[in-house]
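Written out below as structure tokens is the structure these notes cover.
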Amino acid sequence: MSNSNVTVCVRFRPLSHKERKANDKVCFKKLDSESFVFKDERDEDVIFSFDKVFYDDAEQSDVYNFLAVPIVADAVNGINGTIISYGQTGAGKTYSMEGPSILHCNELKTGLVQRVVNDLFECLRTSEDITTWTVKLSMVEIYLEKVRDLLDLSKDNLQIKESKSQGIFIYGATEISIMNSSDALERLSEGIANRAVGETQMNLASSRSHCVYIFSVQHGSTADDKVRAGKIVLVDLAGSEKVEKTGAEGRVLDEAKTINKSLSALGNVINALTTAKPNHVPYRDSKLTRILQDALGGSSRAALLCCCSPSSSNAPESLSTIRFGTRTKLIKTLPKLIPNEVDSVKKPTCYSHDQDDPRGRAPSKAGSSQSEVSDLSLDSCDHDDLRDRILSKLRLSLKEEDVDLLEELFVQEGIIFDPNAAMLDIDLAFQDVASRQIVSLVQTVEELTETVQELTDENEKLRHQLEFAQEIAARAQCATADRSRGALFGFVPAAVLRPFGFVPD
Ligand SMILES: Nc1ncnc2c1ncn2[C@@H]1O[C@H](COP(=O)(O)OP(=O)(O)OP(=O)(O)O)[C@@H](O)[C@H]1O
């Protein structure tokens with residue numbers, strides 16, 4: 001494996017029935033499990049090497065074991081991980097991610113997503129140190145630069161935010177608590193079905209949107225009494241083929257352009273990350289790159305699966321996918337992977353070994369579903385305790401009087417001391433109040449600057465008026481003096497008065 005945080009693999013699917021029938025030739029020559037020969041743009045043989053190459057005989061479990069096992073293990077240790085499938089339409093991205101069906105497929109064909117889920121619960125259940133845990137699922141798709149919640153279709157334009165504690169996250173995305181793998185798979189299939197609903201409603205083809213699965217894991221451990229939080233993000237990207245080749249028109253053309261834009265934004269981010277000292281990495285250029293910011297920027301582990309058609313009729317698209325993989329392999333982020341340790345107020349409230357039934361299912365409350373849609377609820381935390389914890393945390397970095405002021409403001413917000421408030425709400429309320437304070441301070445400074453300017457102008461005006469008044473007064477004084485002198489010595493000739501200074505020379 002490379003010394004990068006990003007593992008890059010290539011997968012050639014088998015020739016399809018149609019390709020076989022058309023007598024298509026295979027466009028690559030296998031060298032070994034890490035390299036192959038492929039003709040470049042000038043029709044010259046080039047050797048390409050990756051962390052691993054999966055050929056048509058590779059099994060789904062091979063891909064999982066190489067690509068995903070380390071990521072699942074890391075997530076349980078509190079390190080975030082992302083797995084991305086990239087390639088042209090029909091190259092095998094969804095097959096690799098989901099297999100032929102998320103719910104109904106045999107062990108051989110089971111995709112990465114199901115295997116991740118199975119292993120995740122297996123790790124949590126069998127670890128002797130882990131006492132309690134929560135696993136949550138969110139599922140969104142990015143279509144025409146909008147983030148749509150696949151677990152709640154009414155949320156069709158979610159925003160991507162960043163916080164110190166959580167990094168990049170999708171604000172307001174539905175999070176479903178899942179108890180075990182079969183529960184997870186049912187929820188996943190609902191999300192996938194929602195994607196299909198969208199497809200018929202909007203006449204979409206799956207390859208025109210990017211699909212993002214997010215599993216958030218939190219667990220407490222007896223070993224060090226710490227709470228760890230890790231995230232596994234799986235991304236099934238839209239097809240990477242060129243617009244010209246699709247012959248698209250109208251809305252389909254717009255879709256293709258948006259996909260191309262977000263994929264080229266992804267390429268630009270990767271290019272920026274492969275330069276020695278990137279000045280600016282354009283994560284904000286698309287929703288996709290923003291969501292992948294943590295994955296590519298070095299704070300988490302990432303794996304890219306470049307899916308290729310083996311057919312010579314798709315050789316240019318496959319070459320472009322391979323080149324994308326080659327560039328990604330050059331990302332040399334420092335492996336600064338620090339486990340996310342969570343403040344104890346976020347302790348997972350959920351499921352322990354004891355609560356599992358023999359099949360690994362946690363008990364459900366009567367009348368409630370196995371899964372519950374929720375945010376990070378703090379229901380186990382006592383109201384006053386929560387307030388004290390938050391305020392003492394704030395006191396570490398702020399002045400006492402500022403904390404008092406914030407306390408007042410938070411109370412006005414009416415969120416922070418609600419024991420049922422989600423940590424996310426608290427975080428956002430804090431950011432909100434802080435940013436409102438900043439905005440109001442900036443406004444105050446602007447107003448003060450304006451007032452100072454007005455006063456300076458006024459002052460200047462008054463100074464002029466004063467000088468003018470002084471001059472008038474001086475002239476009036478002179479005139480009065482002249483008049484009195486005239487009255488006193490009016491009958492005396494000036495020549496007589498001059499030597500005594502009563503008239504000017
Ligand atoms: N490794 C594989 N083994 C067997 N069949 C495969 C493999 N990879 C892909 N296929 C088959 O090839 C076809 C296209 O694959 P898939 O739908 O995964 O492509 P895709 O890249 O996700 O396309 P799109 O971008 O349109 O969603 C499917 O019928 C799938 O079953």
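Order of appearance sets the numbers: ligands from 1, and atoms from 1 within every ligand. Numbers for residues simply follow the sequence, beginning at 1. Just so we're clear, the structure is a prediction, and the values are computed from it rather than from any experiment.
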(message) Hydrogens and angles aside, do Ser127 and Asp129 bring a side-chain donor and acceptor to less than 3.5 Å of each other?
(response) no
(message) Ignoring hydrogens and geometry beyond distance, is a side-chain donor-acceptor pair present between Ser313 and Ser311 at under 3.5 Å?
(response)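 Ser311 and Ser313 do have a side-chain donor-acceptor pair below 3.5 Å.
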Taking the non-hydrogen atoms of [X], is any one of them nearer than 4.0 angstrom to ligand 1?
X	value
Lys109	no
Ser16	no
Pro14	yes
Gly90	yes

Go through ligand 1 atom by atom and flag the ones less than 4.0 Å from a non-hydrogen atom of [X].
X	result
Thr94	18 (O), 20 (P), 22 (O), 27 (O)
Gln88	21 (O)
Gly92	8 (N), 9 (C), 15 (O), 16 (P), 18 (O), 19 (O), 20 (P), 21 (O)
Arg11	1 (N)

Please determine if [X] has a nitrogen or oxygen closer than 3.5 Å to a nitrogen or oxygen of ligand 1.
X	result
Ala238	no
Tyr95	yes
Arg13	no

Determine, for [X] against [Y], whether the closest basic-nitrogen to carboxylate-oxygen distance falls under 4.0 angstrom.
X	Y	result
Asp56	Arg13	no
Arg148	Glu141	yes
Arg115	Glu107	yes

(request) Mind telling me whether Phe48 and Phe50 have parallel, tilted or perpendicular rings, with 30° and 60° as the class edges? (result) parallel
(request) Please collect all ring pair (Phe, Tyr, Trp, His ring centres under 6.0 Å) contacts where either partner lies in residues 94-131, sequence neighbours excluded, each pair once. (result)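 Applying ring pair (Phe, Tyr, Trp, His ring centres under 6.0 Å) to every pair that reaches into residues 94-131, excluding sequence neighbours, yields nothing.
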(message) For Phe28, give me all partners under ring pair (Phe, Tyr, Trp, His ring centres under 6.0 Å), at least two apart in sequence or on another chain.
(response)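 For Phe28 the ring pair (Phe, Tyr, Trp, His ring centres under 6.0 Å) partners, ignoring immediate neighbours, are Phe12, Tyr55.
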